[in-house]
Amino acid sequence: MNDKILVTGGSGYIGSHTTLALLQAGYDVVVLDNLSNSSAESLERLECICGIMPEFVKGDVRDRDLLDKIFTDHNIRAVLHFAGLKAVGESTQQPLDYYSNNVLGTVTLCQAMANANVLNLVFSSSATVYGDTTQMPLREDIPTSTPTNPYGRSKLMVEEILQDLAKSDPRWSIALLRYFNPVGAHQSGLIGEDPNGPPNNLLPYISQVAIGQLKQLSVFGSDYPTQDGTGVRDYIHVQDLAEGHLSALKAISLKPGINIWNLGTGIGYSVLEMIRAFELASGRTISYCVVDRRAGDIAECWASASKAENDLGWTAKRGLTEMVSDAWRWQEKNPNGYRR
Ligand code: NAD
Ligand code: UD1
């Protein structure tokens with residue numbers, strides 16, 4: 001039996017791009033996903049791109065019996081853990097679902113991993129754990145602060161649980177990857193982000209305005225202390241993010257304990273800059289109007305990318321034009337996402 005990587009949430013947006021990168025790098029992959037926010041079509045598209053279909057298990061990361069069976073049936077070497085819920089607004093309405101999927105899901109997974117003696121884990125965290133600090137760029141060693149919503153708090157809780165776990169048993173090797181703002185799609189236009197209902201995030205919203213599915217973008221505030229008054233974020237191409245996971249996976253096999261890395265570009269763009277870049281790439285006009293600030297938003301947020309560069313030899317290679325062009329190609333080729 002070859003060593004395999006278990007990818008939870010592998011049919012979702014970031015998980016599917018990372019599964020592709022793993023398959024292309026020669027790894028064997030088992031995907032576990034309950035399809036609560038994705039379609040197995042994404043995995044079929046991977047086969048179109050690279051000629052290999054990962055093994056797929058439909059199920060829930062909170063199902064301990066199923067996890068035990070996966071670890072018995074496959075020679076799993078490490079786990080990339082993407083499975084979870086991610087909509088900030090929804091998390092304020094359904095907090096228990098968020099704590100159950102994100103926190104209980106991770107605890108159950110780690111219990112099954114410990115039982116199977118699989119002790120290498122890469123976890124999808126978020127820059128949200130830095131809270132509303134104004135110390136830019138955000139370095140991994142600045143103290144975390146409690147996020148303002150259940151989604152963010154679930155990510156911080158899991159980070160703390162995993163730190164406790166690593167302290168309790170030095171054989172664990174764990175990466176906490178703090179993503180900034182993942183955008184874009186694979187350059188084939190075959191896989192990409194497929195939000196369920198109206199998007200909450202900026203780039204999918206712009207894409208759906210460009211394709212004519214949504215009328216107008218609301219720009220949340222133009223009175224922030226930024227270069228043009230709109231919010232500034234560190235957008236990172238999802239393929240760069242996927243490659244960052246491969247680098248982290250290799251690094252933790254030599255680095256036991258907890259390893260925290262930002263995955264960002266180190267460059268911030270404003271909402272208006274994103275709109276202009278998208279208009280240039282798509283040749284479409286993005287209708288927008290400025291409205292009040294969105295509750296809980298911060299003015300600006302970008303990463304210090306140097307720790308990942310020093311420790312992993314990884315940096316984001318794709319710039320803004322590639323991010324918006326690839327997002328547009330995916331949207332144009334798949335106006336209804338994976339629903340044909
Ligand atoms: P996504 O919703 O596209 O992917 C998550 C996948 O997990 C989906 O396929 C969903 O069906 C699956 N899933 C959810 N709960 C599950 C469960 N209990 N058992 C099994 N499968 C389950 O989201 P994404 O954007 O690919 O995000 C992946 C991870 O990265 C999430 O943990 C998310 O919180 C984190 N993250 C995402 C962003 C972002 O902007 N996309 C930013 C920071 C962190
Ligand atoms: C949001 C979440 C964050 C999560 C991240 C990735 C909130 C408060 N924060 O971050 O917890 O980790 O997504 O999933 O929801 N914007 C508009 N109009 C829109 C949408 C966004 O002007 O319709 C602006 C926002 O004000 C912000 C920027 O675009 O300045 C990016 O927004 P978004 O894509 O939602 O990401 P974040 O707010 O960074």
Side-chain angles (χ1 to χ4, degrees), residues 7-18 31-40 42-43 57-63 66-67 80-92 97-98 100-102 104-106 108-109 123-129 131-132 147-149 151-152 154-155 158 177-183 192-196 198-206 208-209 214 216-222 224 226 230-236 238 241-242 245 263 268-272 274-275 288-302:
V7 181
T8 75
S11 66
Y13 173 45
I14 304 169
S16 59
H17 287 80
T18 307
V31 166
L32 169 66
D33 200 302
N34 66 3
L35 303 182
S36 60
N37 196 40
S38 59
S39 157
S42 65
L43 302 177
V57 179
K58 183 174 178 214
D60 199 293
V61 78
R62 293 164 293 182
D63 182 342
L66 179 63
L67 290 171
L80 302 193
H81 179 36
F82 297 96
L85 303 181
K86 64 166 182 177
V88 172
E90 185 184 67
S91 78
T92 63
D97 285 346
Y98 276 70
S100 175
N101 279 278
N102 296 3
L104 180 61
T106 307
T108 310
L109 174 67
F123 173 64
S124 299
S125 189
S126 164
T128 193
V129 301
D132 60 2
T148 53
N149 55 75
Y151 164 75
S154 75
K155 289 289 166 191
V158 171
L177 300 184
R178 294 178 178 163
Y179 309 160
F180 281 66
N181 290 61
V183 294
E193 187 169 11
D194 183 14
N196 213 345
N200 302 306
N201 295 120
L202 179 66
L203 208 61
Y205 207 104
I206 293 179
Q208 293 195 12
V209 171
L214 293 170
Q216 193 173 52
L217 170 76
S218 297
V219 173
F220 297 141
S222 61
Y224 285 107
T226 59
T230 65
V232 168
R233 296 291 183 275
D234 184 337
Y235 297 93
I236 174 169
V238 66
L241 201 62
H245 285 74
L263 294 184
Y269 291 105
S270 74
V271 176
L272 296 182
M274 295 304 286
I275 295 173
Y288 71 87
C289 65
V290 175
V291 300
D292 286 348
R293 293 179 180 193
R294 178 172 66 181
D297 271 0
I298 51 175
E300 46 188 14
C301 169
W302 69 88

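Counting convention: from 1, in listed order, for ligands and their atoms alike.
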Check: Leu67 and Leu32 side chains under 4.5 Å, non-hydrogen atoms: yes
Check each atom of ligand 1 against the heavy atoms of Ser36 and keep those under 4.0 Å away; list them by number with element. 10 (C), 11 (O), 13 (N), 14 (C), 15 (N)
Could you tell me if the side chain of Asp132 sits less than 4.5 Å from the side chain of Thr148, heavy atoms only? no
Distance from atom 28 (C) of ligand 1 to nearest protein heavy atom, with residue and atom: Phe82 O, 3.6 Å
Residues in side chain to side chain contact (heavy atoms under 4.5 Å, CB included) with Thr226, at least two apart? Tyr224, Asp228, Val232, Ala299, Glu300
Of the protein's non-hydrogen atoms, which lies at the shortest distance from atom 12 (C) of ligand 1, and what is that distance? Asp33 OD1, 3.3 Å
Write out the residue and atom name of the closest protein heavy atom to atom 37 (C) of ligand 1, then the distance separating them to 0.1 Å. Ile14 CD1, 3.8 Å
For ligand 1, which atoms sit closer than 4.0 Å to a heavy atom of Ser38? 8 (C), 9 (O), 11 (O)
Closest protein heavy atom to atom 34 (O) of ligand 1, given as residue, atom name and distance to 0.1 Å: Tyr151 OH, 2.9 Å
Within the structure provided, determine whether Leu203 and Asn201 are in side-chain contact (heavy-atom separation under 4.5 Å). no
Any atoms of ligand 1 less than 4.0 Å from a non-hydrogen atom of Asn101? List them with their elements. 15 (N), 16 (C), 17 (C), 18 (N)
Would you check if Ile275 and Val219 make a side-chain contact, meaning some heavy-atom pair closer than 4.5 Å? yes
Where on Ser125 is there a heavy atom closer than 4.0 Å to ligand 1, on the side chain, on the backbone, on both, or on neither? backbone
Within-4.5 Å side-chain heavy-atom neighbours: Phe82 and Val7: yes
Any side-chain heavy atom of Leu202 sitting closer than 4.5 Å to one from Tyr235? yes
Who's touching ligand 2 if we go heavy atoms under 4.0 Å? Val88, Ser126, Thr128, Tyr151, Asn181, Asn200, Asn201, Leu202, Leu217, Ser218, Val219, Phe220, Gly231, Arg233, Tyr235, Val271, Arg294, Asp297
Under 4.0 Å, heavy atoms only, figure out whether ligand 1 is touched by the backbone of Asn181, its side chain, both or neither. neither
Arg178: which residues meet the salt bridge (Lys or Arg N to Asp or Glu O under 4.0 Å) condition with it, sequence neighbours left out? Glu159
Which residue holds the protein heavy atom closest to atom 13 (N) of ligand 1, what is that atom called, and what is the gap in Å? Asn34 OD1, 3.4 Å
Among Ser124, Gly12, Ala83, whose heavy atom sits nearest atom 4 (O) of ligand 1? Gly12
Can you tell which of Ile14, Thr8, Thr18, Val31 makes a side-chain contact (heavy atoms from CB on, under 4.5 Å) with Leu80? Thr18
Given Glu90 and Asp97, is the side-chain contact (heavy atoms from CB on, under 4.5 Å) satisfied, shown in steps? CA-CA 9 Å; Glu90 185 184 67; Asp97 285 346; over 6 Å; no
Starting from atom 25 (O) of ligand 1, what is the nearest protein heavy atom, named by residue and atom, and what distance separates them? Lys86 NZ, 2.8 Å
Regarding ligand 1, does Asn37 bring an N or O atom to under 3.5 Å of one of the ligand's N or O atoms? yes
Look only at interatomic distance and state if Asp60 has a nitrogen or oxygen under 3.5 Å from any nitrogen or oxygen of ligand 1. yes
What class does the angle between the rings of Phe123 and His81 fall in, given that below 30° is parallel, 30 to 60° is tilted and above 60° is perpendicular? tilted
Against heavy atoms of Leu35, which atoms of ligand 1 measure under 4.0 Å? 11 (O)
Report the residues that fulfil side chain to side chain contact (heavy atoms under 4.5 Å, CB included) with Gln208, sequence neighbours left out, ordered by chain and then residue number. Pro195, Pro199, Gln213, Leu214, Gln331
Can you list the ligand 1 atoms lying under 4.0 Å from a non-hydrogen atom of Ser126? 43 (C), 44 (C)
In the protein, which heavy atom is nearest to atom 5 (C) of ligand 1, and how far is it? Gly84 O, 3.8 Å
Within less than 4.0 angstrom of ligand 1, does Gly59 place any heavy atom? yes
May I ask you to identify the nearest protein heavy atom to atom 40 (O) of ligand 1, giving residue, atom name and distance to one decimal place in Å? Pro182 CD, 3.3 Å
Is any side-chain heavy atom of Val88 closer than 4.5 Å to a side-chain heavy atom of Thr128? no
Give the contacting part of Lys155 toward ligand 1: side chain, backbone, both or neither, where contact means a heavy-atom distance below 4.0 Å. side chain
Ignoring angles and geometry beyond distance, decide whether Val61 reaches within less than 3.5 Å of ligand 1 through its nitrogen or oxygen atoms. yes
A quick test of your reading: do over 12 heavy atoms of other residues, nucleotides or ligands sit less than 6.0 Å from CZ of Phe220? yes
Residue pair Tyr179 / Ile236, side-chain heavy-atom distance below 4.5 Å: no
Apply side-chain contact (heavy atoms from CB on, under 4.5 Å) to Ile298 and Arg233, showing your working. CA-CA 9 Å; Ile298 51 175; Arg233 296 291 183 275; 4.0 Å; yes
